[in-house]
Amino acid sequence: MRKELLEAFQICDSTFPIGTFNHSFGMENYLSRRVIRKAPQFREWLENYFRSQYRYGEGLLVILCSRALDEGREEELLRYDDIINRSVAARETREGSRMIAVQMAALIRKIYGDRYAFLNRYAERMDEDEYFGSPAIVFSVFAHEKGIDCRDAFEMYGYSVASTLVQNAVRSVPLGQREGQVILHDILLLITDLYDRTSELNEEYLGANIPGLELAQICHETQEARLFMS
């Protein structure tokens, strides 16, 4: 099992080249409006991101997908894919997530070949536009194939999102690497706490979000000076 966890952590690493460094998921709009200025404001934004968009979005999606795969309900992933992407108001965020999902699936297949049958089917159905594409679903399928349980998958994917957003903040906010690692550590504690509360939710909560985050992601589409694609 150690090998499987290490292989999953490779996918979660912020250096895994799937394009996540190109996306701030609305953070840059808060920077542009000077709502985020330094580390304290970024910490507040990131905590709110995980308590809302991650909890009701990709985090809940990982849990629902893991359970569906455990129970042999693979076709449920098509419905979850449709729900999560219809619930995202910002075009840039939808398209960014799709690009990350396509690149994640392609690189996993390059590393492992055709070893994982359902992952191959999911990637092919993204190519055929039957699935829109979500990196959380790609990771859930990969984690399931590796025998990683639901809690571990939720926390590992949360780490992936958090570490990427922290590294992107280091590039754009007056935020040092040391401050970033302190914030990342505290967010990891939040993620472990979020699992118990998120695991109680059903699919009716999938895609819920707070208006401020969605509006920032929408406004980023017309922002003139930008470092990130979304």
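Bear in mind the structure is a predicted one, so any value in this text is a computation, not a measurement. If you read the sequence from its start, that first residue is 1, and numbering goes on from there. Side-chain atoms are counted along with the backbone in the values below, which use heavy atoms only and exclude waters and symmetry mates.
Atom CD of Glu47 has more than 12 neighbouring heavy atoms from other residues, nucleotides or ligands inside a 6.0 Å radius.
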Distance-only donor-acceptor pairs under 3.5 Å for side chains of residues 105-117, two or more places apart:
from	atom 1	to	atom 2	distance (Å)
Arg109	NE	Asn120	OD1	3.1
Tyr116	OH	Lys146	NZ	2.8

Taking distance alone, no hydrogens or angles, what donor-acceptor pairs closer than 3.5 Å link side-chain atoms of residues 174-187 to residues at least two apart or in another chain?
from	atom 1	to	atom 2	distance (Å)
Asp186	OD2	Arg43	NH1	2.7
Asp186	OD2	Arg43	NH2	3.3

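Counting heavy atoms from C-beta outward, Leu78 and Phe132 have side chains that stay 4.5 Å or more apart. With contacts defined as side-chain heavy-atom distances shorter than 4.5 Å, the pair Tyr157/Val62 qualifies. Residues Arg98 and Pro135 fail the side-chain proximity criterion, which asks for heavy atoms closer than 4.5 Å. Between Leu77 and Tyr131, some side-chain heavy-atom pair lies under the 4.5 Å cut-off. Within the 4.5 Å cutoff, the side chain of Leu206 has no heavy atoms near those of the Ser87 side chain. Glu214 places none of its side-chain heavy atoms less than 4.5 Å from the side chain of Ile210. Between Phe21 and Gln167, every side-chain heavy-atom pair lies at or beyond the 4.5 Å cut-off. Two residues are said to be in side-chain contact when any heavy atoms from C-beta on lie closer than 4.5 Å; Ser134 and Tyr80 fail this criterion.
Between the side chains of Asp81 and Tyr122, at least one donor N or O sits under 3.5 Å from an acceptor N or O. No side-chain donor-acceptor contact under 3.5 Å links Asn48 and Arg51. A donor atom on one side chain and an acceptor atom on the other are not found under 3.5 Å apart for Gln217 and Asn29. Side-chain atoms of Tyr195 and Glu155 form no donor-acceptor pair, as typed in the model, at a separation below 3.5 Å.
Between Arg91 and Glu95 there is a salt bridge, since at least one side-chain N of the basic residue sits less than 4.0 Å from a carboxylate O of the acidic one. In this structure, Glu28 does not pair ionically with Arg171, as no charged nitrogen and carboxylate oxygen lie closer than 4.0 Å.
When all heavy atoms of Val138 and Ala101 are compared, the closest pair comes out as CG2-O, 3.8 Å. The two atoms that bring Arg197 and Leu190 nearest to each other are NH2-CD1, 4.5 Å, heavy atoms only. Nearest heavy atoms, Ser172 versus Met27: OG-CE, 3.7 Å. In plain terms, the two heavy atoms of Ala216 and Tyr30 that are nearest each other are CB-CE1, 3.2 Å. Across all non-hydrogen atoms, the minimal contact from Glu203 to Ile83 is OE2-CD1, 4.3 Å.
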For this session: Decide yes or no on side chain to side chain contact (heavy atoms under 4.5 Å, CB included) for Phe118 and Leu69, but give the supporting numbers first.
Result: CA-CA 10 Å; Phe118 188 75; Leu69 291 166; 4.3 Å; yes

Exercise. Please walk me through it: do Arg67 and Glu71 pass salt bridge (charged side-chain N to carboxylate O under 4.0 Å, His left out)?
Worked result: CA-CA 6 Å; Arg67 290 174 178 169; Glu71 296 166 6; over 6 Å; no

Exercise. Between Glu75 and Arg125, is a salt bridge (charged side-chain N to carboxylate O under 4.0 Å, His left out) present by the stated rule, with each step listed?
Worked result: CA-CA 12 Å; Glu75 292 305 313; Arg125 292 168 86 169; 3.3 Å; yes

For this session: Evaluate side chain to side chain contact (heavy atoms under 4.5 Å, CB included) for Leu61 paired with Ser140, printing each intermediate quantity in order.
Result: CA-CA 9 Å; Leu61 186 59; Ser140 298; 5.9 Å; no

For this session: Step by step, work out the salt bridge (charged side-chain N to carboxylate O under 4.0 Å, His left out) result for Arg79 and Glu76.
Result: CA-CA 5 Å; Arg79 193 161 57 85; Glu76 288 290 280; 2.4 Å; yes

For this session: Start with the C-alpha distance between Leu213 and Ser52, add both sets of side-chain angles, then the distance that settles side chain to side chain contact (heavy atoms under 4.5 Å, CB included), and finish with yes or no.
Result: CA-CA 9 Å; Leu213 288 173; Ser52 57; 3.1 Å; yes

Problem set entry | Worked check of ring-ring contact (aromatic ring centres under 6.0 Å, His included) between Phe139 and Phe154 | CA-CA 10 Å; Phe139 180 78; Phe154 176 92; over 10 Å; no

For this session: May I have the step-by-step check of side chain to side chain contact (heavy atoms under 4.5 Å, CB included) for Glu130 and Glu124, ending in yes or no?
Result: CA-CA 9 Å; Glu130 187 173 352; Glu124 290 165 1; over 6 Å; no

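How far CZ of Arg94 is from CD1 of Ile84: 12.0 Å, rounded to the nearest 0.5 Å. Note that the CD1 atom of Ile191 and the CZ atom of Arg151 stand 12.0 Å from one another [nearest 0.5 Å].
Taking the ring axis of Phe50 as reference, the NZ or CZ atom of Arg55 does not stay both within 45° of it and closer than 6.0 Å to the ring centre.
Partners of His220 according to the ring pair (Phe, Tyr, Trp, His ring centres under 6.0 Å) rule, which considers only residues two or more places apart in sequence or in another chain, do not exist here.
No path of Ile, Leu, Val, Met, Phe, Trp and Tyr side chains, each step under 4.5 Å between heavy atoms, connects Ile137 with Met99, placing them in separate hydrophobic clusters.
The aromatic rings of Tyr49 and Phe25 sit tilted relative to each other, their planes meeting at an angle between 30° and 60°.
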